[in-house]
Trainee: 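Below are the structure tokens for one structure; questions will follow.
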Amino acid sequence: MPDPRAKPPRTRPPGKEAVTDDAGDVTLHQRLHPRVSGKRVEVPTLRVVAGRDMLSYVTLRVGEEVILGRDEAAGMILTDALVSRRHARVTVAEDQTVTIQDLGSTNGTSVNGVAISRSLLAPGDHLEVGGVSLRLDLLSSEEIEHLANVVARLKLPLRDPLTGLLTRVWLDEELAPLMERCARSQKPLACIFFDLDGFKEVNDRFGHHIGDDVLVGCARLVLFAVRNNDPCVRYGGEEIVMFLAHADQQTALDVAERVRKEIHAHDWDRTAPGLTVSVSAGIASWKVGEARRDWMARADAALLTAKREGRNRIVIDRA
């Protein structure tokens, strides 16, 4: 019997007309054609867009097949309990057609809201594999490299087990040396405090399991929006603090705004129908010789001002 927690089929977006082939399978009459612009080659890439496995990905190559499932031997391992051990198979034909086939899973597979046994895929298509949402995109080698670096960061030491962000141990062991290096090189150093808006209401309305998924999703969006060497620390329950070396106030504001917009615009409905998420942030630049506690307190005070002024905004400490 299918798990009652399985997500209901979503409404198919306009323009994605489904048809039935001779075998009775739902297919989509679209073909994947990797784009080439100058020397830029874009590779079809399947990646998770919601939940605990968010940012997990696999590139798709001609002549290859990828098994999606919880099995450790799967080409793309999905940890959600609603996913079968061998849930679905994705194949790429010689003509670059991409096909997904459900492998008799318990909770089914859908493409753009249509339950399928077998379907063609095109860039932008959304898949529901059990309880996991994925999307097929065309990514450049640079985008894939950045994605790989972010995923690798999540597996490094001193990581929070839920979000994959650094823990507060990093503050005690690594922040002071970073401050010293910036002082010696006479380069600016900025601190950004992020806090999820109304996180208690998210837990109360959707449950703590969804709240945890929101924390995971926000952490991954933060990491994806910054440079690979920018430290991001889970400071409290729903607080994230980021340190930007060689970044003045305007650069820090640009980064904070990028993170704020990414989180606010993310498709949170795939985590839970009706869910919306936003963050507020406070920014403070370090004054050489200033105590770490005083510096971070100024960023935290700016964050509180952003909350009081209406949330989903950035405030810079001008002291």
Side-chain angles (χ1 to χ4, degrees), residues 2-11 46-58 68-70 74 76-84 87-88 105-110 113 126-135 137 147 150-151 153-155 159-167 194-226 232-242 259-281 311-312:
D3 192 305
R5 293 186 295 122
K7 297 178 183 178
R10 299 181 184 277
T11 302
L46 193 62
R47 57 178 168 172
V48 179
V49 296
R52 304 298 176 91
D53 295 318
M54 185 173 168
L55 293 191
S56 294
Y57 73 97
V58 63
L68 312 181
R70 288 189 296 110
M76 187 175 194
I77 300 174
L78 304 174
T79 61
D80 192 284
L82 297 180
V83 176
S84 298
H87 195 106
S105 66
T106 302
N107 292 302
T109 302
S110 65
H126 280 274
L127 288 67
E128 297 289 341
V129 176
V132 179
S133 294
L134 306 95
R135 186 176 66 234
D137 291 309
L147 184 58
V150 172
V151 172
R153 289 180 70 180
L154 297 170
K155 300 176 182 178
R159 295 283 159 173
D160 173 65
L162 175 64
T163 64
L165 298 172
L166 293 164
T167 69
F194 292 96
D195 186 77
L196 273 66
D197 296 327
F199 187 65
K200 182 180 183 300
E201 288 83 351
V202 171
N203 281 327
D204 289 345
R205 179 182 175 186
F206 296 98
H208 288 274
H209 177 76
I210 295 299
D212 284 349
D213 285 351
V214 169
L215 289 174
V216 170
C218 285
R220 281 153 173 71
L221 290 171
V222 166
L223 290 177
F224 197 68
V226 301
C232 300
V233 178
R234 186 182 183 188
Y235 191 75
E238 66 270 20
E239 282 189 321
I240 298 172
V241 61
M242 178 190 301
V259 170
R260 184 192 66 79
K261 290 177 180 178
E262 287 286 343
I263 290 176
H264 190 57
H266 183 68
D267 187 5
W268 294 105
D269 193 63
R270 292 187 176 277
T271 299
L275 174 65
T276 58
V277 179
S278 66
V279 295
S280 299
R311 302 178 177 181
N312 193 26

Trainee: Does a side-chain heavy-atom distance below 4.5 Å link L78 with V48?
Mentor: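 With C-beta onward as the side chain, the pair touches.
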
Trainee: Between atom NE2 of H266 and atom CG of L275, what is the distance when rounded to the nearest 0.5 Å?
Mentor: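 Going from the NE2 atom of H266 to the CG atom of L275 covers 9.0 Å.
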
Trainee: Within this structure, what is the CD-CZ distance for the pair E239 and F194, rounded to the nearest 0.5 Å?
Mentor: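 Rounded to the nearest 0.5 Å, the CD-CZ separation comes to 12.0 Å.
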
Trainee: Which residues satisfy the side-chain contact (heavy atoms from CB on, under 4.5 Å) test with L154, sequence neighbours excluded?
Mentor: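 For L154 the side-chain contact (heavy atoms from CB on, under 4.5 Å) partners, ignoring immediate neighbours, are R220, L223.
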
Trainee: For residues R135 and L46, determine if any side-chain heavy atom of one lies less than 4.5 Å from a side-chain heavy atom of the other.
Mentor: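 No - every pair of side-chain heavy atoms lies 4.5 Å or more apart.
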
Trainee: Before accepting this row, confirm whether a basic side-chain N of the pair R52/D212 lies closer than 4.0 Å to the acidic partner's carboxylate O.
Mentor: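 Salt bridge present between R52 and D212.
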
Trainee: Kindly compute the distance separating CG (N203) from CD (E201), expressed to the nearest 0.5 Å.
Mentor: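 N203 CG to E201 CD: 9.5 Å, rounded to 0.5 Å.
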
Trainee: How about V226 and C232: do any of their side-chain heavy atoms sit closer than 4.5 Å?
Mentor: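 Counting from C-beta outward, V226 and C232 do come under 4.5 Å.
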
Trainee: Over all heavy atoms of both residues, which pair between W268 and I263 is shortest? Give the atoms and the distance, please.
Mentor: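 Taking W268 first and I263 second, the nearest heavy atoms are NE1-O, 2.7 Å.
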
Trainee: Are the side chains of R270 and V49 in contact, using a 4.5 Å heavy-atom criterion?
Mentor: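 A side-chain contact under 4.5 Å exists here.
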
Trainee: Nearest 0.5 Å, what's the CZ-CZ distance between F224 and R153?
Mentor: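 Answer for the CZ-CZ pair, F224 versus R153, is 12.0 Å.
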
Trainee: If you round to the nearest 0.5 Å, how far is NE2 of H208 from CG of L215?
Mentor: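 Taking CG in L215 and NE2 in H208, the distance rounds to 11.0 Å.
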
Trainee: Contact between L221 and V259 at the side-chain level, heavy atoms closer than 4.5 Å - yes or no?
Mentor: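 No, their side chains stay 4.5 Å or more apart.
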
Trainee: Could you report the tightest heavy-atom contact between G51 and V216, atom names first, then the distance?
Mentor: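 Looks like O-CG1, 3.7 Å.
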
Trainee: Could you tell me which non-hydrogen atom of G274 sits nearest to which non-hydrogen atom of D269, and how far apart they are?
Mentor: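 Looking at all heavy atoms of both residues, the shortest contact is N-OD1, 2.8 Å.
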
Trainee: Taking the basic N atoms (NZ, or NE/NH1/NH2) and the acidic carboxylate oxygens, is any pair closer than 4.0 Å for E238 and K200?
Mentor: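 Salt bridge flag = no for K200 with E238.
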
Trainee: Quick one: closest heavy-atom pair of H264 and S278, and the distance?
Mentor: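 Taking every non-hydrogen atom into account, ND1-CB, 3.8 Å.
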
Trainee: Main chain of Y57, side chain of R47: is a donor-acceptor contact present, judged purely on distance under 3.5 Å?
Mentor: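 Answer holds: no.
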
Trainee: Quick one: do R70 and H87 satisfy side chain to side chain donor-acceptor pair (under 3.5 Å)? Show the steps, please.
Mentor: CA-CA 8 Å; R70 288 189 296 110; H87 195 106; over 6 Å; no

Trainee: Could you go through the side chain to side chain contact (heavy atoms under 4.5 Å, CB included) check for V233 and T167 one step at a time?
Mentor: CA-CA 6 Å; V233 178; T167 69; 5.9 Å; no

Trainee: List for me each residue that meets salt bridge (charged side-chain N to carboxylate O under 4.0 Å, His left out) alongside D197, sequence neighbours excluded, and say none if there are none.
Mentor: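 Scan of D197 (salt bridge (charged side-chain N to carboxylate O under 4.0 Å, His left out), adjacent residues dropped) gives K307.
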
Trainee: Kindly indicate whether the side chain of L127, heavy atoms from C-beta on, has any atom under 4.5 Å from the side chain of V132.
Mentor: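 L127 does not reach V132 side chain to side chain.
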
Trainee: Starting from the C-alpha separation in whole Å, work towards a yes-or-no answer on side chain to side chain contact (heavy atoms under 4.5 Å, CB included) for V129 and L134.
Mentor: CA-CA 8 Å; V129 176; L134 306 95; 3.5 Å; yes

Trainee: Please name the pair of heavy atoms, one in S105 and one in G108, separated by the smallest distance, quoted to 0.1 Å.
Mentor: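 Minimum heavy-atom contact is OG-N, 3.0 Å.
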
Trainee: Could you list the residues that satisfy side-chain contact (heavy atoms from CB on, under 4.5 Å) with I77, not counting sequence neighbours?
Mentor: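 Counting only residues at least two positions away or on another chain, I77 forms a side-chain contact (heavy atoms from CB on, under 4.5 Å) with A74.
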
Trainee: Within the 4.5 Å heavy-atom criterion, are T271 and I210 side-chain neighbours or not?
Mentor: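 Sidechains of I210 and T271: in contact.
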
Trainee: If you measure from CG on D213 to CG on D80, what distance do you get to the nearest 0.5 Å?
Mentor: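 Output value for this atom pair is 8.0 Å.
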
Trainee: When you compare the side chain of L82 with that of T106, does any pair of heavy atoms fall below 4.5 Å?
Mentor: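 T106 does not reach L82 side chain to side chain.
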
Trainee: Which pair of heavy atoms, one from C218 and one from V277, lies closest together, and at what distance?
Mentor: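 For C218 and V277, the tightest heavy-atom pair comes out as SG-CG1, 4.0 Å.
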
Trainee: Could you go step by step and tell me if E128 and N107 meet the side chain to side chain contact (heavy atoms under 4.5 Å, CB included) rule?
Mentor: CA-CA 10 Å; E128 297 289 341; N107 292 302; over 6 Å; no

Trainee: For T79 and D53, what are the C-alpha separation, side-chain angles and deciding distance, and is it a side chain to side chain donor-acceptor pair (under 3.5 Å)?
Mentor: CA-CA 7 Å; T79 61; D53 295 318; 2.9 Å; yes

Trainee: Would I240 and L165 satisfy side chain to side chain contact (heavy atoms under 4.5 Å, CB included), going step by step from the backbone distance to the final call?
Mentor: CA-CA 8 Å; I240 298 172; L165 298 172; 3.7 Å; yes

